[in-house]
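First the structure, in the form of structure tokens, and then the observations on it.
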2 protein chains.
Amino acid sequence: MTGYGQFCPVAKACEILAERWTPLLVRELLAGGRRFSELQRGVPLMSKSLLADRLKSLERSGILKSAPLANGRGREYSLTEAGEELRPIVEGLGQWGWKWVKRSLAADELDAGLLMLDMGRHFAGDRLPAKRVVARIDFSGLPRGRVARRTWWVSVERPEGEVCPDPPSFDVDLEIDADLAALTRFWLGRATLANGVRTGAIKMRGPRALVDAFPTWFGVDGASTLRRPW
Amino acid sequence: MTGYGQFCPVAKACEILAERWTPLLVRELLAGGRRFSELQRGVPLMSKSLLADRLKSLERSGILKSAPLANGRGREYSLTEAGEELRPIVEGLGQWGWKWVKRSLAADELDAGLLMLDMGRHFAGDRLPAKRVVARIDFSGLPRGRVARRTWWVSVERPEGEVCPDPPSFDVDLEIDADLAALTRFWLGRATLANGVRTGAIKMRGPRALVDAFPTWFGVDGASTLRRPW
DNA sequence: CAGTATCCGATGCGATACTG
DNA sequence: CAGTATCGCATCGGATACTG
């Protein structure tokens, strides 16, 4: 038996949602993921066949819809109204997890790709510098055995920002050497960037003004607190 | 691999919660279930070994705590503060499920025991009759193959109410013959009781005043809407 | 790239039996 | 009653290969 055999709406919801990977896939869609490869970047340890399966079953359940892309191959996935209404639940899970799940980061939870993906989603558009600034981040402390780029570029020019694993065609203004765990702690709001610099886990080279401004590039519109990745 | 390998708090929360049966077990604890057998009544199709497993792992995760019962054997389970803070999430799932999951009830979702358990949890204390009233419910349309009592008693006397599968030592004032699907639809707020009576799916014998009052015995304190089972 | 198809192994989970 | 122990199967899901 695959369902729960209960009329209770909680049970019916859980039949759709409380499966392995499914809430994370919904999280990716809520975060704006639209293409297969884009979704895959958010759940790198999920096998692509399972990802395809889940996309199908979520479509059958009415959580998402998809349409073939105009230019040739692939489909575009997006949430239905029902799926969009899962937002408070997924956000609630994130807030609950942030508050209650153990704070220490295990080595196998660190993932530079996920970190940079999430940073790229949370630029504070109107607080970005008016003139283009490019930062290069070099990671240390990457977990062994997980394929990952060591070096990333963050390029911002109000009101747009971009994170990418390949060098942009602009000069680098700010160089950051970061222990992955330390930058992740910063990103999770568990530590300030300044604290990472103080302990030596993070090193920043560049104009003082840029060093100070870097952490302010990310966040929620107008809010002073760092946007957490959920 | 059992976890998700992500630092994201949504992922951390889902490692604990997005497992088969787990959200329903939390629902039972949120509803006030404290004893093993009581919890089991709320998830009758979950095997007891798995129930025991989940209780242990939820305790390790800090969702619930347990203590040996004073009088001999067994333990009492209850939510920790972390577990209690899952309430909005589980309620959110229920509301979402009520709104978005298909409305028709499959035969294998009908369960008289679950229905009566839930009704017994939602008496509208202050709207109950001042003098004791006993109703007997005889179900028809029970799904085959699922062990279930056909007959139940509902006994109320302000501000207390009780549902039980054995006759109380009071006379029956109100007799109800109910198709299980019809009463479940009523309970889910998908149809009025009067509608069930009109279609013949529900028959009530007793003083007119009691017939009319019966649906008002259940609900949330002071609210006019029926309390849904989540 | 954007999936689909196939295969196979781990483990999740249910059934049953056992215990104080 | 309130669990624990054991077993065995099914299905979930990951790996790999294949396709337009």
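Quick caveat, the model's predicted, so the values are computed rather than measured. Chain letters run A, B, ... following the sequence lines, proteins first, then strands; residues in each count from 1.
- Checked against side chain to side chain donor-acceptor pair (under 3.5 Å), Asp171(B) has no partners two or more places apart in sequence or in another chain.
- One can place CG of Leu51(B) at 18 Å from P of dT16(C), the figure rounded to the nearest angstrom.
- Every residue meeting the side-chain contact (heavy atoms from CB on, under 4.5 Å) condition with Arg136(A), not counting sequence neighbours, appears here in chain and number order: Asp138(A), Thr151(A), Trp153(A), Val172(A), Glu175(A).
- Under the side chain to side chain donor-acceptor pair (under 3.5 Å) criterion, Trp100(B) pairs with Glu85(A), sequence neighbours left out.
- Residue Arg20(B) places none of its side-chain N or O atoms closer than 4.0 Å to OP1 or OP2 of dC12(D).
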Going 5' to 3' along nucleotides 2-7 of chain D, which nucleotides have protein heavy atoms under 4.0 Å from the base (write B), which only from the sugar-phosphate (write S), and which from neither (write -)?
BBBB--
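- Counting only Watson-Crick and G-U wobble pairs whose two key distances fall under 3.5 Å, DNA chain D forms stems of three or more stacked pairs at C:1-20 with D:1-20.
- To the nearest angstrom, P of dG14(D) lies 12 Å from CD of Glu19(A).
- Screening residues 30-46 of chain B for side-chain hydrogen bond (donor to acceptor under 3.5 Å, both in side chains) gives no qualifying pairs among residues at least two apart or on separate chains.
- We find that Lys65(A) and Glu81(A) are not joined by a salt bridge, their nearest charged nitrogen and carboxylate oxygen being 4.0 Å or further apart.
- With sequence neighbours left out, the side chain to side chain donor-acceptor pair (under 3.5 Å) criterion links Glu19(A) to no other residue.
- Asp173(A) meets the side-chain contact (heavy atoms from CB on, under 4.5 Å) test with Val133(A), Val134(A), Leu210(A); sequence neighbours excluded.
- Residues in residues 50-59 of chain B take part in these side-chain hydrogen bond (donor to acceptor under 3.5 Å, both in side chains) pairs, two or more places apart or across chains: Thr22(B)-Arg54(B), Glu59(B)-Ser66(B).
- At the phosphate of dC12(D), neither OP1 nor OP2 sits under 4.0 Å from any side-chain N or O atom of Trp21(A).
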